[in-house]
Student: 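The structure under discussion is supplied below as structure tokens; questions concerning it will follow.
Lettering of chains follows the sequences in order, A, B, ..., and the numbering in each one begins at 1.
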Amino acid sequence: MSVPRYWRERRYRYRLIGETCSDCGALVFPRRAVCPRCGSRSLEEQQLSEMGSVVTWTVIRSPPKEYGQFTPYVVALVELDDGVRVLSQLVDVDLEAVEAGMRVEAAFRRVKEDGDSGIIEYGFKFRPIIE
Amino acid sequence: MRRVAVAGIGLTQVSEHWEDALKDLFAQAALKAIDDAGMREIDALYVSNMGAAPLQGQLQLGAMMADTIGMRGVAAVRVEAASASGGVAFHEGVKAVASGMCDAVLVGGVEKMSDGLPEELSSAIAMSEDQEYTAYTGVTVVGLSALLHRLYMERYGATAKEVAMFAVRGHENAVGCPHAQYPFRVSVDRVLASPMEADPTHTLECSGVGDGAAAVILVPADGIETGVEVASTAVATDSYYLEGRKDLLEFDAARKASERALNAAGVSHSEVDVLEVHDDTTITGVLSLESLGFVERGMGASYVAGGNTTRGGELPTNTFGGLKARGDPLGATGLYQICEVVMQLRREAGPCQVEGAEVGMAQSLGGVGSTCAVSVLRRA
């Protein structure tokens with residue numbers, strides 16, 4: 001992962017920044033050049049909700065390169081409270097305890113490292129909301 | 001637009017070909033197809049491949065393969081649409097002949113998955129997804145399909161056993177197939193006892209790691225007795241992200257490509273005698289059957305479990321084993337499907353023959369349904 005490539009995505013990874021369509025009001029994540037609902041090019045940046053519920057999930061047991069240190073880990077489709085769906089790891093949770101409808105919140109976490117001397121990469125993951 | 005015929009086919013066994021490099025495997029299949037067609041000259045070459053860049057560090061496969069088969073000078077290019085590369089490359093080759101620009105086109109797919117370690121393969125296959133977002137979560141393509149697997153069982157009440165039967169039926173069909181990677185039966189209990197790959201999908205519900213190459217020669221249909229004509233091809237895409245899908249359990253790209261291809265061919269679903277679908281996992285096979293319009297939504301798993309897709313059944317599907325049992329060398333897979341449909345239509349399928357097959361369809365998927373290529377062929 002090169003520095004420029006990592007640097008430009010940091011805002012979308014550190015905060016859940018999506019877009020809102022000025023014409024139809026749709027919330028869009030990840031960013032697009034054109035609104036997928038109405039075709040408008042007037043898209044403005046929008047902070048998305050950072051809380052939501054689990055729609056469905058899986059447990060990754062044959063990880064890609066650089067993700068071995070967290071294996072096995074949960075990846076879930078989360079529906080945020082503003083209706084946007086995002087894909088993300090679920091952390092701080094027992095593999096057997098994950099349920100559809102579980103309430104979760106975004107958390108800033110380490111994702112992977114580029115070898116011993118490269119960039120340490122961060123991003124959002126979701127964790128159970130403790131009531 | 002001219003009508004297009006398949007003049008020749010060639011393929012290698014799907015296996016771990018430790019001694020063969022990309023160009024060696026490609027040449028085996030390509031030269032078989034050229035000999036089968038009885039041709040000496042081609043105008044253009046389309047090479048289908050997904051993993052050569054991450055696994056072999058290799059680009060410019062078009063020029064490389066043209067050189068190795070003695071076709072230096074022809075137009076050549078690599079076509080890539082992740083795991084749909086084969087079906088999409090076929091579509092491009094058909095367009096080249098149908099348009100009148102080319103009179104003889106070789107479309108060949110090749111893949112050397114065995115060069116990669118397991119985690120390298122997971123990463124390479126996940127390159128079909130957005131690297132800055134989807135792949136950044138650490139999800140694998142099997143993982144994405146597993147999300148749908150869980151949702152499917154919840155929404156429709158299908159059991160793990162019913163879904164797993166897709167792999168079992170594939171293995172039944174592969175028995176006696178000379179080019180299959182795993183030409184033997186596997187019981188549903190064995191499939192369900194295999195370790196989880198990405199919960200709830202078991203390892204034996206996923207296609208394996210194989211190398212292979214498959215090729216076809218396309219020519220104008222007029223004035224040639226080849227026995228097999230391309231009735232139509234179509235390619236469609238869907239939201240690049242599962243989150244953007246209208247309905248998570250429908251492959252809209254497969255629905256669109258199927259409608260376009262069947263309409264263009266003037267063929268109805270009930271007239272399809274042989275169907276090759278993209279079962280890189282059991283659930284993608286099930287969802288493909290439904291999204292292509294052959295089985296009602298939610299009924300796919302029980303339809304297959306019930307024996308309707310066997311060679312003697314109502315809808316013979318994956319007649320040589322499909323991705324699971326014949327094998328799935330990524331970029332070559334779509335061309336294996338085409339070759340298999342051709343063998344059925346020519347009555348050259350041996351122990352895998354579906355009696356009286358007149359029309360066949362092949363479906364290739366990229367990622368988890370982001371791209372879909374559908375081809376319809378008929379006896380001429």
Student: Are there residues of residues 38-46 of chain A that reach to under 4.5 Å of chain B by heavy atoms, and which ones?
Tutor: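 Result: none.
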
Student: Before you tell me yes or no, could you show the steps for B/Leu151 and A/Leu77 under side chain to side chain contact (heavy atoms under 4.5 Å, CB included), namely the whole-Å CA-CA distance, both residues' side-chain angles and the distance that decides it to 0.1 Å?
Tutor: CA-CA 11 Å; B/Leu151 213 55; A/Leu77 197 60; 5.9 Å; no

Student: Under a 4.5 Å heavy-atom cut-off, does chain B meet the side chain of A/Val86, its backbone, both or neither?
Tutor: both

Student: Around atom CG of B/Leu117, are there more than 12 heavy atoms from other residues, nucleotides or ligands closer than 6.0 Å?
Tutor: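 Enclosed.
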
Student: With a 4.5 angstrom heavy-atom cut-off, which part of B/Ala124 approaches chain A: side chain, backbone, both or neither?
Tutor: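 B/Ala124 has no heavy atom closer than 4.5 Å to chain A.
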
Student: Within the supplied structure, the quantity of interest is the number of heavy atoms (other residues, nucleotides, ligands) at a distance under 6.0 Å from B/Met299 CE; does it exceed 12?
Tutor: no

Student: Enumerate, by atom name, each donor-acceptor pair separated by under 3.5 Å where one atom lies in chain A and the other in chain B.
Tutor:
{"from": "A/Arg5", "atom 1": "NE", "to": "B/Glu132", "atom 2": "OE2", "distance (Å)": "2.6"}
{"from": "A/Arg5", "atom 1": "NH2", "to": "B/Glu132", "atom 2": "OE2", "distance (Å)": "3.4"}
{"from": "A/Arg13", "atom 1": "NE", "to": "B/Glu132", "atom 2": "O", "distance (Å)": "3.4"}
{"from": "A/Arg13", "atom 1": "NH2", "to": "B/Glu132", "atom 2": "O", "distance (Å)": "3.2"}
{"from": "A/Arg13", "atom 1": "NH2", "to": "B/Glu132", "atom 2": "OE1", "distance (Å)": "2.9"}
{"from": "A/Thr56", "atom 1": "OG1", "to": "B/Leu147", "atom 2": "O", "distance (Å)": "3.2"}
{"from": "A/Trp57", "atom 1": "O", "to": "B/Arg150", "atom 2": "NE", "distance (Å)": "2.7"}
{"from": "A/Trp57", "atom 1": "O", "to": "B/Arg150", "atom 2": "NH2", "distance (Å)": "3.3"}
{"from": "A/Thr58", "atom 1": "OG1", "to": "B/Asp199", "atom 2": "N", "distance (Å)": "3.4"}
{"from": "A/Thr58", "atom 1": "OG1", "to": "B/Asp199", "atom 2": "O", "distance (Å)": "2.5"}
{"from": "A/Val59", "atom 1": "O", "to": "B/Asp199", "atom 2": "N", "distance (Å)": "3.3"}
{"from": "A/Arg61", "atom 1": "N", "to": "B/Glu197", "atom 2": "O", "distance (Å)": "3.3"}
{"from": "A/Arg61", "atom 1": "NE", "to": "B/Asp199", "atom 2": "OD1", "distance (Å)": "2.8"}
{"from": "A/Arg61", "atom 1": "NH2", "to": "B/Asp199", "atom 2": "OD1", "distance (Å)": "3.4"}
{"from": "A/Arg61", "atom 1": "NH2", "to": "B/Asp199", "atom 2": "OD2", "distance (Å)": "2.9"}
{"from": "A/Ser62", "atom 1": "O", "to": "B/Ser122", "atom 2": "OG", "distance (Å)": "3.2"}
{"from": "A/Ser62", "atom 1": "OG", "to": "B/Glu197", "atom 2": "OE2", "distance (Å)": "3.1"}
{"from": "A/Lys65", "atom 1": "N", "to": "B/Glu119", "atom 2": "O", "distance (Å)": "3.4"}
{"from": "A/Lys65", "atom 1": "N", "to": "B/Ser123", "atom 2": "OG", "distance (Å)": "2.8"}
{"from": "A/Tyr67", "atom 1": "OH", "to": "B/Tyr136", "atom 2": "O", "distance (Å)": "2.8"}
{"from": "A/Tyr73", "atom 1": "OH", "to": "B/Gly138", "atom 2": "O", "distance (Å)": "2.6"}
{"from": "A/Leu87", "atom 1": "N", "to": "B/Tyr133", "atom 2": "OH", "distance (Å)": "2.8"}
{"from": "A/Gln89", "atom 1": "NE2", "to": "B/Thr137", "atom 2": "O", "distance (Å)": "2.9"}
{"from": "A/Tyr122", "atom 1": "N", "to": "B/Tyr136", "atom 2": "OH", "distance (Å)": "3.4"}
{"from": "A/Tyr122", "atom 1": "O", "to": "B/Tyr136", "atom 2": "OH", "distance (Å)": "2.7"}

Student: Is chain A contacted by the side chain of B/Leu121, its backbone, both, or neither, given a heavy-atom distance below 4.5 Å?
Tutor: neither

Student: Rounded to the nearest 0.5 Å, what separation is found between the CG atom of A/Leu87 and the CG atom of B/Leu144?
Tutor: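 With rounding to 0.5 Å, CG (A/Leu87) is 6.0 Å from CG (B/Leu144).
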
Student: Can you tell me which portion of A/Pro36 sits under 4.5 Å from chain B's heavy atoms? Options are side chain, backbone, both or neither.
Tutor: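 For A/Pro36, neither part sits under 4.5 Å from chain B.
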
Student: Pick one of side chain, backbone, both or neither for A/Phe70, based on which atoms fall under 4.5 Å of a heavy atom in chain B.
Tutor: neither

Student: For chain A, find which of B/Gly138, B/Ala198, B/Pro118 contributes the most heavy-atom pairs closer than 4.5 angstrom.
Tutor: B/Gly138

